[in-house]
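Working notes for the structure below.
Sequence lines set the chain letters: A, B, ... in the order given, protein chains first and strands last, and positions in each chain run from 1.
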Protein chains: 2
Amino acid sequence: MSRVPAEIARLKIQCKDCTLFQLCLPVGVGAADLELLDRIIKRRRMLPRGEHLFRVGDPFNAIYAVRSGSIKTYTMVEDGRVQVTGFHLPGELLGLDAINVDRHPCSARTLEATSVCEVPFDRFEELSRQVPALARQMFRIMSKEILHDHDMLTQLGRQSSEHRLAGFLVNLSERYGARGFSRREYNLSMSRTDIGNYLGLAEETVSRLFTRFQEQGLLQVTRKHVRITDLERLHSLAGLGARGR
Amino acid sequence: MSRVPAEIARLKIQCKDCTLFQLCLPVGVGAADLELLDRIIKRRRMLPRGEHLFRVGDPFNAIYAVRSGSIKTYTMVEDGRVQVTGFHLPGELLGLDAINVDRHPCSARTLEATSVCEVPFDRFEELSRQVPALARQMFRIMSKEILHDHDMLTQLGRQSSEHRLAGFLVNLSERYGARGFSRREYNLSMSRTDIGNYLGLAEETVSRLFTRFQEQGLLQVTRKHVRITDLERLHSLAGLGARGR
DNA sequence: CGAATCCTTGAACACCTTCAACAGGGGTGG
DNA sequence: CCACCCCTGTTGAAGGTGTTCAAGGATTCG
C-alpha cells in the first residue's frame, strides 16, 4: 500500500535528528571533520515498498540509516517459516549485527516507501582512526542498540500477551517521541501478521488485543493508525517504566 | 550451591580464549600495545555466589569480562517482580548496554563463585585513540553482542515452549563450544526459575520440558548437569541452524 | 539432623492458538 | 469511474498448550 505524499513528508527526518548525525554532533567534532564524514555517506534513492535493502548472507559492506519510511528485518527458520527480528524507524540504524561476521545475518525489507543513507563501513573505520570522537560515538550508538535489544528481551520474556503488545506499542511511542514525532499518535507500517510474528503471538490475538485495548479506553485504532489515549495506563500495563531506545 | 574445586578449575578460562583478549590478538596489535592494554585491566578477586557485580542505576565505570563462573543480569519490572535479561559465561562481557546512558540499566549477580576482569571504560577509550585496532575490535565485539541479542529475540519470538528451551540449550552449547568447552555436556549454573523467567515460561513448564526431552532421548539431565545425546535433533527442534555467539 | 531451597509431578483452569468465515479497503482493469 | 478481486484485518467457536495451585521428594548447608 502506497502512502499519500503528505504522509511521506511527515515522516521525513531532519539530519540533526538522525542517529548517524549523532556520530558527530554532540562530541565536539569540528566542522572540517564533519565534512569528511559527510563525504563518505552515500544518499540512496527512495526504495519502494517491499524492496530488499539486503538479504541473509549478503556480504557486509555498509551500515544503513533510515531517513524516512520503515524497514523490517527477518530471518528464515528451518521449516521455511519467517521470523521477524526487528523494525527500524526513521533515524535508526541497520546492519550493526553484521560487522563481526562480515555477512548479513538477516534480510531487510521496506515496509513502505523508504529512503536510507548508506555508510561504507571500511571507510568509516578508516575515518574513525583519524577522528577518535567518531569511534567514541559509534560505541555509544552500538551500546544504545544493545540496550534496546535487552529491553525487547525483557518484553518478550514476559508471559502475557497484553504485556507484550503494550510493551511493543510503548516502545514504538518512545522511539517516535525521541525523533520528534508524536508519542501518542503514529502509523503502524507493519501488518498485524508481522507484529504477531515478532511478539510470538498469533495474528488473531494481536487483532483481538487491539480491540480489547480500545474497549478499555487505552487507545483508538483504525487500521494502521494508532492514537494512544491513556499512555500512562499503557505504560503500567507494559510493566516497565519508561525507557526509550 | 558451591562447586567443588575441580569444577572451578575446569571452568577457568585461558586469556587467549577470553573475549577481551580478542581485543588485541587477531588484529595485529603489537606486543607493546598489548602491554598497554594489559596494564589498564584490573583483575578482581573471586566473588562468591549471590554477590552483586553492579546494581541497576549504578554509575557506569567499567566493562567486565567473566573469567570463570557465571553471572545473571536482571531488571525489576513495575510490580516488583524480577525479569532476567541474560546469562554471562566465561569469556563474555557485561556492561556494554551502559556505555550510552552512563548508568547500568540492569543488575548483575553471580550464579556461582565467579572471577571477573574489570576494564575501566574511560581509560580504554583513551587507549583506543592511540591504538585504532582496539576500537576496531571493540566494534566487532559489540556487533557480536547485538547479533547474539537478535538471535535470542528470534528464539523468544517463537511460540512453542519446546522451541524456546531447545533454542536456549543449543545457544548455551554454542557458547560453551566457542570457548573450548564441551558442546554436549555442561552444567547449568542458573535455576529452573531463572531459565523460565528468562524464556517467559513457568518454572514448572521448564521442568516438564526437561523431563520430556529426556524421554525423547534428546538429552540426559540430572539436576544442574546436562548431557546432550542428540544435538542434531535438538538443533532442528530449536528451529534454527547453528549460529553461535 | 533439620530447615530451606530447588526441583518434580499432578490436576484444574485460563489463555491463546487454530480453523473458519466474513468484512472492509485498496488497487487493477475494464 | 466503477466493479471486481485480492489482501488484510476482524470476529466466532473449539481445542490444545501452558499456567496456576498444590503437594511431595531431593539436595544442600547451617
Side-chain angles (χ1 to χ4, degrees), chain A residues 1-5 7 48-50 72 79 81-82 84 111-113 156-166 168-169 187-216 219-226 237, chain B residues 1-5 7 48-50 72 79 81-82 84 109 111-113 156-169 187-216 219-226 237:
Chain A
M1 145 198 5
S2 70
R3 301 172 154 283
V4 292
E7 211 160 308
R49 178 174 189 268
K72 79 168 174 187
D79 52 4
R81 290 182 45 174
V82 164
V84 175
L111 289 166
E112 57 193 314
L156 293 183
R158 314 228 54 197
Q159 297 174 180
S160 111
S161 60
E162 276 192 352
H163 281 141
R164 294 198 196 176
L165 186 61
F168 176 73
L169 293 173
N187 278 331
L188 299 166
S189 54
M190 67 293 287
S191 68
R192 304 286 194 267
T193 310
D194 282 340
I195 297 175
N197 186 303
Y198 182 54
L199 297 177
L201 300 171
E203 173 185 0
E204 295 91 331
T205 305
V206 174
S207 195
R208 275 183 253 268
L209 283 171
F210 271 123
T211 310
R212 197 193 302 171
F213 284 173
Q214 185 158 309
E215 285 166 1
Q216 293 171 346
L219 50 78
Q220 292 177 345
V221 57
T222 49
R223 204 151 174 77
K224 301 280 194 189
H225 186 77
V226 172
L237 195 58
Chain B
M1 147 197 3
S2 71
R3 302 173 152 283
V4 294
E7 210 159 311
R49 178 175 189 268
K72 79 169 173 186
D79 52 4
R81 290 181 45 174
V82 165
V84 175
R109 191 177 173 171
L111 289 166
E112 57 193 313
L156 293 183
R158 314 227 55 197
Q159 297 173 179
S160 112
S161 61
E162 275 191 352
H163 281 141
R164 293 198 196 175
L165 187 62
F168 176 74
L169 293 172
N187 278 330
L188 299 167
S189 54
M190 68 295 287
S191 67
R192 304 285 193 268
T193 310
D194 282 340
I195 297 175
N197 187 303
Y198 182 54
L199 297 178
L201 300 171
E203 173 184 2
E204 294 92 330
T205 305
V206 174
S207 195
R208 275 184 255 267
L209 283 171
F210 271 125
T211 310
R212 197 194 302 171
F213 284 173
Q214 186 159 309
E215 285 168 2
Q216 293 172 346
L219 49 79
Q220 292 177 345
V221 58
T222 50
R223 202 150 176 78
K224 300 281 195 188
H225 187 76
V226 173
L237 195 59

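Between C/dT9 and B/Thr211, a contact under 4.0 Å exists linking OP1 or OP2 to a side-chain N or O. At C/dT8, one or more side-chain N or O atoms of B/Arg192 fall inside 4.0 Å of OP1 or OP2 (strictly under the cut-off). Proximity of A/Lys224 to the phosphate of C/dG25: no side-chain N or O atom is located under 4.0 Å from OP1 or OP2.
Here C/dT8 presents its C1' atom at 16 Å from CG of B/Leu188, a figure rounded to the nearest Å. C/dC6 atom P lies 15 Å from atom CZ of B/Phe210, rounded to whole Å. When the C1' atom of D/dG9 is taken as reference, atom NE2 of A/His225 falls 17 Å away, rounded to whole Å. Atom CG of A/Leu209 and atom C1' of C/dC16 are 10 Å apart (whole Å). What separates CZ of A/Arg158 from C1' of D/dG18 is a distance of 17 Å, to the nearest Å. What separates CD of B/Glu162 from C1' of D/dG16 is a distance of 13 Å, to the nearest Å. The interatomic distance linking B/Leu165 (CG) with D/dG18 (P) rounds to 11 Å, in whole Å. We find that CG of A/Leu201 is positioned 14 Å from P of D/dG18, with the value rounded to whole Å.
In this model, no side-chain donor or acceptor of A/Arg223 finds a partner on the base of C/dG26 within 3.5 Å. With hydrogens and angles ignored, no donor-acceptor pair under 3.5 angstrom links the side chain of A/Arg208 to the base of D/dG9. Judged by distance alone, with hydrogens and angles left aside, B/Arg49 brings no side-chain donor or acceptor close enough to the base of D/dT28 to form a pair under 3.5 Å.
The closest side-chain heavy-atom distance from A/Thr222 to A/Phe210 is not below 4.5 Å. Within the 4.5 Å cutoff, no side-chain heavy atoms of B/Tyr198 are placed close to those of B/Met190. Contact of the A/Ile195 side chain with the A/Leu201 side chain is not registered, since no non-hydrogen atoms from C-beta on lie closer than 4.5 Å.
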Determine, step by step, whether A/Gln216 and A/Glu162 satisfy the side-chain contact (heavy atoms from CB on, under 4.5 Å) criterion, reporting the C-alpha distance in whole Å, the side-chain angles of both residues, the deciding distance to 0.1 Å, and the verdict. CA-CA 12 Å; A/Gln216 293 171 346; A/Glu162 276 192 352; 4.1 Å; yes

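With respect to the salt-bridge test (charged N to carboxylate O, under 4.0 angstrom), the residues A/Arg192 and A/Glu204 do not qualify.
When each of B/Gly200 and A/Glu203 is assigned the nucleotide of DNA chain D with its nearest heavy atom, A/Glu203 is the one assigned upstream, toward the 5' end.
In this structure, the nucleotide among C/dT9, C/dT8, D/dG9 sitting nearest to the side chain of B/Ser207 is C/dT8. Taking the side chain of A/Glu204 as heavy atoms from C-beta on, and the options D/dG18, C/dC19, C/dT9, the nearest nucleotide is C/dC19. Listed nucleotides C/dC16, D/dG9, D/dT11 differ in distance to A/Arg212; the shortest reach to its side chain belongs to C/dC16. For A/Ser191, whose side chain is taken as the heavy atoms from C-beta onward, the closest listed nucleotide among D/dG9, D/dT27, D/dA13 is D/dG9.
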